[in-house]
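For clarity, every value in this text was computed on a predicted model and none was experimentally measured. Quick note on labels: first sequence line is chain A, next is B, and so on, each numbered from 1.
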Number of protein chains: 2
Amino acid sequence: MSASSPNRLLRGTLDVLLLKTLSWGPLHGYAVSRSIRLTSGDDLKVDEGALYPALRRLEGKGYLASYWALTDQQREARFYELTPEGRRQLDLEVTEWNRYVAAMARVLGADGPRLAEES
Amino acid sequence: MSASSPNRLLRGTLDVLLLKTLSWGPLHGYAVSRSIRLTSGDDLKVDEGALYPALRRLEGKGYLASYWALTDQQREARFYELTPEGRRQLDLEVTEWNRYVAAMARVLGADGPRLAEES
DNA sequence: TTCTATACATAGAAACCTTATGTGTCAACG
DNA sequence: CGTTGACACATAAGGTTTCTATGTATAGAA
């Protein structure tokens with residue numbers, strides 16, 4: 001069922017994955033990464049070199065807020081939570097993703113090129 | 001039905017669009033761009049600054065071959081056609097894309113994070 | 001004659017991911 | 001008791017790919 005090796009990420013898809021994962025409640029970065037890997041069925045791997053800068057970026061945009069706290073194992077970690085603005089952005093990005101997937105499907109599923117406008 | 005303004009492309013998705021469009025037969029660059037825009041329902045726009053370098057790149061990899069010829073309107077244009085290697089690559093990239101979409105759907109459609117391995 | 005579409009091309013910039021590296025803690029295994 | 005692996009964070013360097021802007025040139029339409 002799950003893939004042999006996780007895919008590399010498509011650029012631009014990480015943000016929506018992070019926002020979605022945090023929409024269920026606050027998590028620290030490392031847990032977000034693990035959740036995405038597991039939820040995706042081991043198909044999506046978030047490298048730490050992409051993860052932490054992305055979380056900071058989203059915080060800088062006001063989509064996330066962060067605070068330090070202890071994990072279940074009593075370890076210090078920086079937790080992130082979705083802001084109301086982040087939730088709106090999540091909806092936007094999900095909609096855009098679905099639109100993109102549909103558009104790709106139209107091309108990849110077509111049986112020939114369209115060379116001119118039709119009526 | 002078609003969108004108000006075409007989306008910007010997600011990095012990494014242009015190649016498969018080009019290969020797919022050329023899988024129906026040779027076309028010149030400008031026609032490829034137009035075909036993608038129309039086939040996608042005006043949701044995908046291929047900027048020329050991405051188009052021509054991408055076609056050269058794919059040719060450099062052996063996925064495309066090119067030649068100069070006249071269009072229907074008797075204008076000089078560089079036509080590209082899929083090589084056998086390009087067709088194999090197309091199949092690969094379509095498979096990868098579908099896998100990616102499925103993985104994204106698992107995350108975006110989930111109702112909670114997965115915090116640990118199961119069973 | 002000016003605008004739009006056709007048709008190509010490239011340079012510069014920006015964005016974002018991967019790889020590599022670094023710190024430090026903690027539990028488990030041998 | 002030492003090493004390995006998971007946890008948890010972070011950043012620098014590098015590469016790829018796209019967007020924006022610009023340039024050339026032809027041709028039909030307004």
Taking only distance into account, with no hydrogens and no angle test, what donor-acceptor pairs under 3.5 Å do side-chain atoms of residues 67-75 of chain B form with protein atoms, sequence neighbours excluded?
unit_1, atom_1, unit_2, atom_2, d
B:Thr71, OG1, B:Gln73, N, 3.2
B:Thr71, OG1, B:Arg75, N, 3.2

Could you list the donor-acceptor pairs under 3.5 angstrom formed by side chains in residues 90-98 of chain A, with sequence neighbours left out?
unit_1, atom_1, unit_2, atom_2, d
A:Glu93, OE2, A:Gln89, NE2, 2.7
A:Thr95, OG1, A:Asp91, O, 2.9
A:Asn98, ND2, A:Val94, O, 3.3

For nucleotides 28-30 of chain D, print each protein N/O atom paired with a nucleotide N/O atom at under 3.5 Å, atom names and distance only.
none

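Rounded to an integer number of Å, the gap from CG of B:Leu55 to P of D:dT17 is 13 Å. For the pair A:Asp47 CG and D:dA10 C1', the computed distance is 14 Å after rounding to whole Å. In this structure, A:Leu9 atom CG and D:dT17 atom P are separated by 15 Å, rounded to whole Å. The CG-P distance, from A:Leu70 to D:dC7, rounds to 17 Å in whole Å.
Other residues, nucleotides and ligands contribute at most 12 non-hydrogen atoms within 6.0 Å of the CZ atom of A:Arg8.
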Along nucleotides 6-15 of chain C, 5' to 3', which nucleotides get a B, which get an S, and which get a -, given that the test is a protein heavy-atom distance under 4.0 Å? BBBBB---BB
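Of the possible donor and acceptor atoms, one in the side chain of A:Thr83 sits under 3.5 Å from a partner among the backbone N and O of A:Tyr63.
A:Leu51 is listed as a side-chain neighbour of A:Leu18, based on a closest heavy-atom distance under 4.5 Å.
Contact between A:Arg106 and B:Thr39 at its shortest, heavy atoms only, is CB-O, 3.4 Å.
Every salt bridge (Lys or Arg N to Asp or Glu O under 4.0 Å) that B:Asp47 has, sequence neighbours left out, goes to B:Lys45. Every residue was checked against the ring-ring contact (aromatic ring centres under 6.0 Å, His included) condition with B:Tyr30, not counting sequence neighbours, and none meets it.
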